[in-house]
Amino acid sequence: MDLATTTPNPSKSVATQGKEKKDLTLYEEPLNTPGVVPLHLKRDVNTDYPIVEIAQRLLLRLKPETFLCGNLEAILAAIALYKAAAPVYSHLEHFLLWAFTSQITISEFDPIAKDVFTWMSSNVIIKNNSTCAIMSTGESFDTTGYRRIIRMDMVSNRSSSTEESHTVPALGQRLFWVGFRPFLFLRNGSRATRVAQDNNRGSGPSSARDNSEISNSIVIRTLGWSLDPIQKFIKQCKDSKESNKQGTTTMYFSNGKPDPWLNGLWTSVTKATRKLDTIDIDDDIKNDLIRDAEYYYSDESKEFFAECGIPYRRGYMFYGPPGTGKTSFSAALAGHLHCDVYHINLATGDLNDGRLQTLFLNVPRKAIVVIEDIDSAGIGREQGPGADQHDPLGDILDPMPPPRDSHGQQPRGDMPPLMVTLSGLLNAIDGNASAEGRLLIMTSNSPHTLDEALTRPGRIDKKVYFGKMMPPTAKAIFKRLIGRTATAKLAYSDAQVDAYAQTFSEKLPADTFTPAQVQNLLQACRGDAEKAISDLDTWVQETLEKESAKLKADKARKLAQEEAREAALKELKEREEKMLLERILVPTDPGQASSTREQHSAMGNGTDRHEASTVQLPIVGSSPDIHMALDTAQQPFTNPNDPRTCFPPPEDLTTMNNGSKTVIPGDGEMALVTDNKEVATPTDS
Ligand SMILES: Nc1ncnc2c1ncn2[C@@H]1O[C@H](COP(=O)(O)OP(=O)(O)OP(=O)(O)O)[C@@H](O)[C@H]1O
């Protein structure tokens, strides 16, 4: 199409042209004016698509007719050709990749991916003047699922990373070299796929794409027919992480979610290692624990376990009041042994036996697994099939609806919160499928509530009590929290600090306060030793008063709960009695009574007759009578002479062997007489 030939002459007036020409004269400029777009082409141009206008102007300026055989159809044909050839190119590309490269795909939530990210961050993104990366504040960018990932901002790495933030490779691909070998790093996944996966939660690894790539994954590709170079590269990433890890401990927290591709099993946080000498507990206990744990991970011990055929596992139970250092010591021990800590929280309601087992199986060989506050996880002494049965008292004591979940939804009746059972926990800890090499630490505030099976030797090898502050530990905590600052800032000598610490430990009542409480007091003094000592008496008094007030309040609350429970029990009993009466009372309507009698006569004598007549048993009286009758109503007849289990035909007035007698005073009236004494009749009631 030649634009110039169809250009109307703008100089001609509308009035002097025919209809067709009249339309054409609307254009103000000749169409062949460079840079001017004819109005009929402008109809698709709007502010949303200025690019179309730009392209059109460009075409006019370039005058494509001069080099494309004089028409625009050639351009369209070229585009069509490109479109047709694109799949061929894609196939060719796939073939070349298949034929000449090797690749490894890693789920983004796998710990290995974290190692690769960290290596890429420090060796490629920061060094190679990248223009695109993902920045995350905080430490846990690696295994946390998309909710945190979308918080990250795309940034240019020209703003250098700070201590508080991390840059990780952006989605897409980048080429880098390790020595003389080129590698292609490819990060798949987008927010859209993450959302889609979120909606398909539970689909698990089947959400992988058809071409066996995992969504939200990274792919490492290199030239050649062997995976060795990639494996070496991954090992290099791991080694680099290990060397960077000095002085830090990584804590993993169980997610309890079913889809390991979406959220991973663990969320991790890396912290500066807490040193063991910052935990103030009895020195003997501390040294014993350290020696035991060190020996457990020694080669000698591994051989011993293997030779004796004992499963290579060790377990500790730390128990004592809250705030005495059970969790802190576990973390410090992990730092000392250069291993990571895996925290499993059983009380979240999103763990069941299967998931717990999976978590234990996914703990590396050398790791400390901590199950905190196991007594509050709802795993009591008895947890049989009836343990989760509905408690009728609950309805009376707590008539409120169950709490809403995190999405504000009422829990559905058919979806109870997940529970870990005692047998599930025992299996996970030391069942055949349980991983070996881990050191398990359970912490508890009240270990006496735990089932003995859980704490028996073999599962728990050491039980350690973490108690309140004694004078030696009070002295140690004073030196640690006050001494160092006092020496540095106020130039106290060691002897002075020691003297203050001694005074402090003597003034602090022994076995009364937890280390957490004392730490709170000393932190507030900010290195002022004299203030710490002068404030101590007041603090002790106030804290004791607060504690006693809290104790009183707790006692009152417990008493109120007990009373409410008793009242509820009473109410329940009354309900039962009422229901029973409704079930068993004979109607006083003579018509009904005679028809009942007819039914009884029709039944004749025998067991059936007894069952039928039992239903009519009139019982009104104290609760033992009621329960006697309830038993009778629920049990089949076995002894026809037993007044509780045998009721005579209504037409007879029978005296029982044991002296009990049933009286039928008249139509529609029945009464139970015990020891020839009438208890009640329906008309009485
Ligand atoms: N023995 C201790 N030595 C030093 N610090 C301690 C000690 N005990 C507690 N703390 C401090 O008190 C705080 C709470 O300690 P931690 O969480 O370890 O107690 P816990 O016994 O595990 O409590 P809980 O039973 O509630 O889990 C921490 O800040 C910790 O530093």
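Just follow the structure's listing: the first ligand is 1, and inside any ligand the first atom is 1.
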Evaluate the side-chain proximity of L522 to F504: yes if any heavy-atom separation is below 4.5 Å, no if none is.
yes
K241 atom NZ, over 12 foreign heavy atoms within 6.0 Å:
yes
When distances are taken from atom 28 (C) of ligand 1, the protein heavy atom at minimum range is S328 OG, 3.9 Å
Just to confirm my output: which protein heavy-atom neighbour is closest to atom 19 (O) of ligand 1, and how far is it?
G325 N, 3.3 Å
Contact partition for K286 relative to ligand 1, non-hydrogen atoms under 4.0 Å
neither
Taken to the nearest 0.5 Å, the spacing of K326 NZ from I279 CD1 works out to 12.0 Å
With a cut-off of 4.0 Å, which atoms of ligand 1 are near a heavy atom of A516?
9 (C), 12 (O)
Do F360 and Y342 have ring centroids that are under 6.0 Å from one another?
no
Only heavy atoms of E372, strictly under 4.0 Å: list the atoms of ligand 1 that pass.
27 (O)
Within ligand 1, which atoms have a heavy atom of D280 less than 4.0 Å away?
1 (N), 2 (C), 3 (N), 4 (C)
Of all the heavy atoms in N445, does at least one lie under 4.0 Å from an atom in ligand 1?
yes
Could you check, using the six-membered ring where one of them is a Trp, whether Y465 and F318 have ring centers closer than 6.0 angstrom?
no
Tell me the nearest of P321, A476, G467, G323 to atom 9 (C) of ligand 1, using heavy-atom distances.
G323
Counting heavy atoms under 4.0 Å, the part of R480 that contacts ligand 1 is side chain
Member of Q502, M469, M470, R480 meeting the side chain to side chain contact (heavy atoms under 4.5 Å, CB included) criterion with K475
Q502
Taking non-hydrogen atoms only, is I477 closer than 4.0 angstrom to ligand 1 via side chain, backbone, both or neither?
neither
Can you pull out the closest protein heavy atom to atom 22 (O) of ligand 1? Residue, atom name and distance to 0.1 Å, please.
T327 OG1, 2.6 Å
Looking at ligand 1, does any of its N/O atoms fall within less than 3.5 Å of an N/O of I281?
no
Ion pair check, R313 and D430, cut-off under 4.0 Å
no
Donor-acceptor side-chain pairing of E547 and Q517 below 3.5 angstrom
yes
Going by the order shown, which atoms of ligand 1 are within less than 4.0 Å of some heavy atom of T278?
3 (N), 4 (C)
Where ligand 1 meets R274 - atom numbers and elements under 4.0 angstrom, heavy-atom basis:
4 (C), 5 (N), 30 (C), 31 (O)
Counting heavy atoms only, which part of Q519 comes closer than 4.0 Å to ligand 1: side chain, backbone, both or neither?
side chain
Going by heavy atoms, is T514 under 4.0 Å from ligand 1?
no
In this structure, CZ of F304 is separated from OH of Y295 (nearest 0.5 Å) by 6.0 Å
Would you please indicate yes or no on a ring centroid separation below 6.0 angstrom for Y319 and F466?
no
Ligand-side contact atoms (ligand 1) for residue partner P515, heavy atom cut-off under 4.0 Å:
1 (N), 2 (C), 6 (C), 7 (C), 8 (N), 9 (C)
